[in-house]
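Reading through the structure tokens given below for one structure.
The first residue of the sequence shown is numbered 1, and numbering continues consecutively from there. Whatever order the structure lists them in is the order used to number ligands and atoms, beginning at 1.
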Amino acid sequence: MSAKKAKAGVPVLVVMGSDSDLKDMSACLKTLEEFGVGYEVYIASAHRTHDYLKKLVTKFDREGGKTVIAAAGAAAHLPGVVSALTTLPVIGVPMSSKLLGLDSLLSIVQMPSGMPVATVAVGGSKNAALLAVQILATSSDALRSKYDAFRDKQAQEVIAKSKRLQQKGFRHYFDEK
Ligand code: RP5
């Protein structure tokens with residue numbers, strides 16, 4: 001272990017470009033909490049506060065963090081810049097924008113070869129958290145069991161809806177939901 005590796009910190013760093021992203025990112029934070037995954041959350045912009053961003057990411061990496069979730073909108077360079085600052089896996093979340101998030105999506109997903117950012121859907125902050133859980137679950141049997149249980153429950157809920165649809169017919173499905 002490097003002498004610089006200090007005490008173990010939390011496994012997930014969540015960073016977003018603006019406080020205007022916080023509402024869309026709440027599903028991410030809620031999901032991490034539901035899985036009992038520790039996180040730190042910051043507002044830091046690739047453009048407005050690049051020095052602050054660099055300090056946050058390098059500290060997180062040095063302290064043994066495992067994965068970064070980075071959310072940004074419009075000229076959404078934040079996840080790409082984070083990937084330049086660390087070799088930890090980076091998950092990018094495109095935020096909605098005046099251009100419906102297409103600008104954000106393309107800014108994040110179109111990374112140059114050799115610099116991957118795992119990109120979720122526009123506003124897909126819950127999936128970003130789930131992907132982080134999956135990454136962490138590769139080295140935690142307990143987390144893997146929780147994630148497997150989540151997927152089983154989700155499947156059962158869909159099947160229950162399908163069965164209800166068979167029983168009620170589509171005209172009465174919503175009335176009796
Ligand atoms: C991006 O610009 C942020 O991530 C946000 O989605 C967007 C708008 O930011 P504000 O002008 O609301 O601070 O950097």
Side-chain angles (χ1 to χ4, degrees), residues 4 6-138 143 146-147 150-151 154:
K4 281 190 166 177
K7 60 179 174 50
V10 296
V12 177
L13 172 64
V14 181
V15 62
M16 60 196 85
S18 170
D19 59 347
S20 61
D21 301 323
L22 198 46
K23 189 161 171 279
D24 284 341
M25 286 305 288
S26 63
C28 170
L29 306 180
K30 188 165 168 270
T31 302
L32 291 172
E33 281 169 20
E34 283 167 0
F35 279 92
V37 169
Y39 65 86
E40 289 178 354
V41 58
Y42 294 93
I43 295 161
S45 162
H47 310 111
R48 293 166 174 158
T49 63
H50 58 282
D51 279 339
Y52 178 56
L53 176 67
K54 185 175 181 182
K55 278 181 196 146
L56 290 176
V57 174
T58 51
K59 180 172 182 286
F60 176 72
D61 194 336
R62 197 171 57 240
E63 292 182 350
K66 301 294 183 202
T67 188
V68 183
I69 297 172
H77 301 139
L78 181 68
V81 171
V82 171
S83 83
L85 294 170
T86 180
T87 52
L88 293 171
V90 179
I91 302 163
V93 192
M95 296 283 94
S96 192
S97 68
K98 288 174 185 161
L99 302 180
L100 304 177
L102 190 57
D103 44 354
S104 324
L105 174 65
L106 294 177
S107 298
I108 296 175
V109 82
Q110 291 286 51
M111 285 294 288
S113 177
M115 299 298 292
V117 167
T119 309
V120 297
V122 174
S125 79
K126 179 175 176 175
N127 268 2
L130 292 174
L131 191 50
V133 168
Q134 286 179 269
I135 291 168
L136 298 172
T138 59
L143 197 53
K146 266 193 203 176
Y147 188 73
F150 158 79
R151 292 281 286 258
Q154 181 172 251

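With contacts defined as side-chain heavy-atom distances shorter than 4.5 Å, the pair Leu136/Val12 qualifies.
Judged purely by atom type and a 3.5 angstrom limit, Asp24 has no side-chain atom pairing as donor or acceptor with the backbone of Asp21. Looking only at distances, a side-chain donor or acceptor of Ser104 sits under 3.5 Å from a matching main-chain atom of Met95. Ser97 places no side-chain N or O within 3.5 Å of a backbone atom of Ala74 that could act as its donor or acceptor partner.
Screening Val93, Ile69, Ile108 against Pro79 for a side-chain contact (heavy atoms from CB on, under 4.5 Å) leaves a single residue, Ile108. A side-chain contact (heavy atoms from CB on, under 4.5 Å) with Phe60 is found for exactly one of Thr86, Thr67, Leu88, namely Leu88.
Checked against a 3.5 angstrom limit, the closest N/O atoms of Ser20 and ligand 1 fall inside it. For Gly73, a nitrogen or oxygen atom sits less than 3.5 Å from a nitrogen or oxygen atom of ligand 1, counting backbone and side chain alike. The shortest N or O to N or O distance between Asp21 and ligand 1 is below 3.5 Å.
Proximity of Arg48 to ligand 1, defined as any heavy-atom pair under 4.0 Å, is confined to the side chain (atoms from C-beta onward). In Ala74, neither the side chain nor the backbone holds a heavy atom less than 4.0 Å from any atom of ligand 1.
Using a 4.0 Å cut-off to heavy atoms of Ala72, the atoms of ligand 1 that qualify are 4 (O). Contact atoms of ligand 1 toward Ser18: 3 (C), 4 (O), 5 (C), 9 (O), 10 (P), 12 (O), 13 (O) (distance under 4.0 Å to a heavy atom of the residue).
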